[in-house]
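For reference, the structure is listed below as structure tokens.
In the text below, chain A, chain B and the rest are named by the order of the sequence lines, each starting its count at 1. These numbers come from the heavy atoms of this one structure, side chains and all, not from hydrogens, waters or symmetry mates. Please read these numbers as outputs of a predicted model, since none were measured by experiment.
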Number of protein chains: 2
Amino acid sequence: MKSNKKILLVEDDPNFGKILKDYLTINNYEISLAVNGIEGFEKFNKSEFDLCILDIMMPFKDGLTLAKEIREVNEAIPLIFLTAKNLKDDVLKGYKIGADDYLTKPFDSEILLAKIKSILNRKPSVNTEQKDIFEFDFGEFSFNSKLRILTHKEGNSFKLSPKENQLLKMLVLNFDDLLPRDIALNKIWRDANYFTSRSMDVYIAKLRKYLEKDPSLKIINVHGEGFRLMQE
Amino acid sequence: MKSNKKILLVEDDPNFGKILKDYLTINNYEISLAVNGIEGFEKFNKSEFDLCILDIMMPFKDGLTLAKEIREVNEAIPLIFLTAKNLKDDVLKGYKIGADDYLTKPFDSEILLAKIKSILNRKPSVNTEQKDIFEFDFGEFSFNSKLRILTHKEGNSFKLSPKENQLLKMLVLNFDDLLPRDIALNKIWRDANYFTSRSMDVYIAKLRKYLEKDPSLKIINVHGEGFRLMQE
DNA sequence: ATTATAATTTAAAATTTCTTAAAAAAATGT
DNA sequence: ACATTTTTTTAAGAAATTTTAAATTATAAT
């Protein structure tokens, strides 16, 4: 009956944390307990988890900040937030980061368990996050998306901002093919609306500026659909 | 920005249902509203939805029963339950059926919206993705309906507008066969009347212009019926 | 042959979407 | 706190797309 699912639990109240850990352990989950965001992030990086349960209100580094860091490293891992009161703002921020759910303290442990099961039972998603590629060559450029550096053959190189970097990476991964606007928006901006759309346009303009060092490369617009990075 | 996501909303309170429907419509979702479980299941079977929001307490057929029926037909579609009070039992039953989330009435509409986005933005699960065909060859042309590019053998190529693209795709899928006017109108223009019909004529003229590069291809009119793309 | 309905073509008007610069706001680093 | 960088917002103009209108031609029916 062992589920061998590993959960990272980050909770600053030691009593509550211990009780919750025990409860989940009894229910066949393997729990790593961290008492603040800093320790939480260290533990997260040390092993592979299937799910994170994060208290939002914590000293040193709160749950939302921790979540953002985790999301930068792993964009798929499910996140559940615990909020002390029904702080709507925290809840909305959590969803914006990419939360899968939240629970208001005090909550019913059976319901938490049901949520965990529901989330972990979801079918695995399509791109099984294969070894993350971060070095690309295209046209006269080489591009390291981990270091966020775009280098032109002539030695010229640009440091990319996080958004520039993500967008270029998605374009490169779909080289010569369409990158649908709403897919990029939902992935990078986590929301697709008029404003994020304009923001994306601005970044497309920035990338075009970088890429014009190689005139054979073009980011063309497919009206109403998205963009396409292509050569020649 | 249209999301073109379709949501089935099943809610027996007509006032609340209407308000919720309007709110979600404003936020660019296409809502089908049913007032009870029976109607809900009928609507569910009539078209393709991306998400269902089900009130649990309903006359005739409650939300949990409806959910079970939906799950038998479709095991992947996300379900969100609405419960009048915090009825723990209902919540747990919901999760057992395979709910993705639940909300306790009264709830905050912004939070519902955040949940919907969070759920719909999840990567589609493995078995959902049916491969859509988007590359076609006919006559001296190859046609990529994803990039909306029609290429002639001689290297000449045209960027198609969305409507040109959809119409050509329907013609090609019915190559040498009749494409009934009203079928194309209802699919592409979502309405068949005098004006959309004139509009379609304009697009037929545009396609003819493109296709005249290969004189063996013809879009012929079948008076009163529709059009036929044929070769010879 | 006459009449009514349907289809074709062209051009202009209306709408939607994209691009970009610049300002404002937010986040980050020293 | 201050300066710097990054991101978002605004707004105006450009480009692409769609609709509408009108004049013309074709088809079918009586």
Have a look at [X] and say if it touches a base, only the backbone sugar-phosphate, or nothing, with a 4.0 Å heavy-atom cut-off.
| X | result |
| --- | --- |
| B:S161 | sugar-phosphate |
| B:K209 | sugar-phosphate |
| B:Y194 | nothing |
| B:R198 | base |
| A:D201 | base |

Rounding to an integer number of Å, can you tell me how far [X] [atom1] sits from [N] [atom2]?
| X | N | atom1 | atom2 | value |
| --- | --- | --- | --- | --- |
| A:K159 | C:dT28 | NZ | C1' | 13 Å |
| A:K206 | D:dT8 | NZ | P | 9 Å |
| B:E225 | C:dT5 | CD | P | 17 Å |
| A:E69 | C:dA27 | CD | P | 15 Å |
| A:Y203 | C:dT20 | OH | P | 15 Å |
| B:I220 | C:dT8 | CD1 | C1' | 15 Å |
| B:W189 | D:dT20 | CH2 | C1' | 14 Å |
| B:D191 | D:dT20 | CG | P | 11 Å |

Quick check for you: among [options], whose closest atom lies nearest to any side-chain atom of [X]?
| X | options | value |
| --- | --- | --- |
| B:P162 | D:dT7, D:dT19, D:dT17 | D:dT17 |
| B:A205 | C:dT20, C:dT9, D:dT17 | C:dT9 |
| B:V202 | C:dT8, C:dT19, C:dT9 | C:dT9 |
| A:F227 | C:dT8, C:dT19, D:dT8 | C:dT19 |

field: A:K46/A:E42 ion pair, N-O < 4.0 Å
entry: no
A:F136/A:F143 aromatic ring centres below 6.0 Å: yes
Aromatic B:F107 / basic B:K105 pairing, under 6.0 angstrom, 45° off normal: no
task: Tell me, please, whether A:Y203 has A:K163 positioned over its six-membered ring: NZ or CZ under 6.0 Å from the ring centre and within 45 degrees of its axis?
output: no
- prompt: Can you check whether A:R208 has a side-chain N or O nearer than 4.0 Å to OP1 or OP2 of C:dT20?
  reply: yes
- prompt: Can A:D62 and A:T65 be said to form a side-chain hydrogen bond (donor to acceptor under 3.5 Å, both in side chains), step by step?
  reply: CA-CA 6 Å; A:D62 70 285; A:T65 310; 2.6 Å; yes
